[in-house]
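Below, all heavy atoms of this structure are taken into account, side chains as well, without hydrogens, waters or symmetry copies.
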Amino acid sequence: AFEAAGYERVTYLPLASNVSRRKPRACTLEEQQRYGVNVAHVGSSMDAQARHFESSYLQAYKAWRGGTSEAEAEGRQIMEEILASQRSEPCRYHVDSMMADRLGDFMAAMAERRPELDITNWLAEMAARDKRLDMVARLSSFDAHVWGDPGWKAVEAKGVSYRGRAAHGDELTKIYSAARVQIDIGRIYQSDIITMRVFDVLACGGFLLAEHSPALESSFEIGVELESWRSPEELESKVAYYLENSREREAIAQRGLSAVRDRHRMRQRVKQILDAAGR
């Protein structure tokens, strides 16, 4: 979009880690017992955002269709059908195309009335919430633990341990350093980015199993510096494999740590910005 607008120098700049803040942390015996779990995920469940956008969508659809309870029920049914279709293919984002197909007239009316809004985000956030909850729930048999907002309580019934919020300071570093397998689950509509979690886990010397993307592959050597998954089934099989193969897991984690220190520091990103600005 920037290139099409006429900008001469456009470069993708990935995130990076502050390696002074995030680094391997030796845990006490008590800390190891708390944080040294088999499988860990730290992040937002996105439940609060999803509930907010669900309410916004239903109110807007109801008003557009005449303000009746039948209109709201119709809007809810379409929403649930779109989300069910997305849940059946959790690693291929298609909420946007389905909304265009099923809700085209509604979207056109909203775009005319509120052109600043991209209402595909409304259902996209709901789909992202569903995906995160489902992926973590699938790992319950591996003694999975999750830190984040209370929306994660939804997976407790599936056998996942919800550990509450993780402080962004030293506690996050302890989790990233101590857990055997760290899971990264990106937002379903943002497959073109690498999350901060990726860089920070590796900077703490943790082993990371991240959702595969071209962006991830362009910055790291998959299977050497970290591992990736492309489907729920591959996620489960690789968790099982690396829990059984600790030596291989630890070697990958060490190479991931070296990769962040060598190529993905904040100071290196700042240098890129200054070099580009100075040309």
Tell me which one of K131, R187, R132, R230 satisfies salt bridge (Lys or Arg N to Asp or Glu O under 4.0 Å) with E211.
K131
Tell me whether S218 contacts the main-chain N or O of A215 through its side chain, where contact means a donor paired with an acceptor under 3.5 Å.
yes
Decide, yes or no, whether a salt bridge links R76 with E54 under the criterion of side-chain N to carboxylate O below 4.0 Å.
yes
Answer yes when E221 and R255 have at least one side-chain N-carboxylate O distance shorter than 4.0 Å, and no when they do not.
no
Check whether any side-chain heavy atom of D149 sits under 4.5 Å from a side-chain heavy atom of R165, and report yes or no.
yes
Residue among E74, M79, M110 satisfying side-chain contact (heavy atoms from CB on, under 4.5 Å) with Y61:
E74
Heavy-atom closest pair (S85 atom, M98 atom, distance to 0.1 Å) is OG-SD, 3.2 Å
Check step by step if ring pair (Phe, Tyr, Trp, His ring centres under 6.0 Å) holds for F2 and Y12.
CA-CA 11 Å; F2 282 108; Y12 170 65; over 10 Å; no
If you measure from the Lys or Arg side-chain nitrogens to the Asp or Glu carboxylate oxygens, is any gap between R163 and E171 under 4.0 Å?
no
Quick check on side-chain contact (heavy atoms from CB on, under 4.5 Å): which of L172, D200, D184, V201 does V42 satisfy it with?
L172
In terms of ring plane angle, is the pair F199 and F220 parallel, tilted or perpendicular, where the classes change at 30° and 60°?
tilted
When you look at Q254 and E250, which way does the side chain to side chain donor-acceptor pair (under 3.5 Å) test go after all the steps?
CA-CA 6 Å; Q254 283 300 307; E250 290 163 7; over 6 Å; no
Where M135 and P232 come nearest, the two heavy atoms and their spacing
CE-CG, 3.7 Å
Whether W152 and H41 hold their rings parallel, tilted or perpendicular, with breakpoints at 30° and 60°:
perpendicular
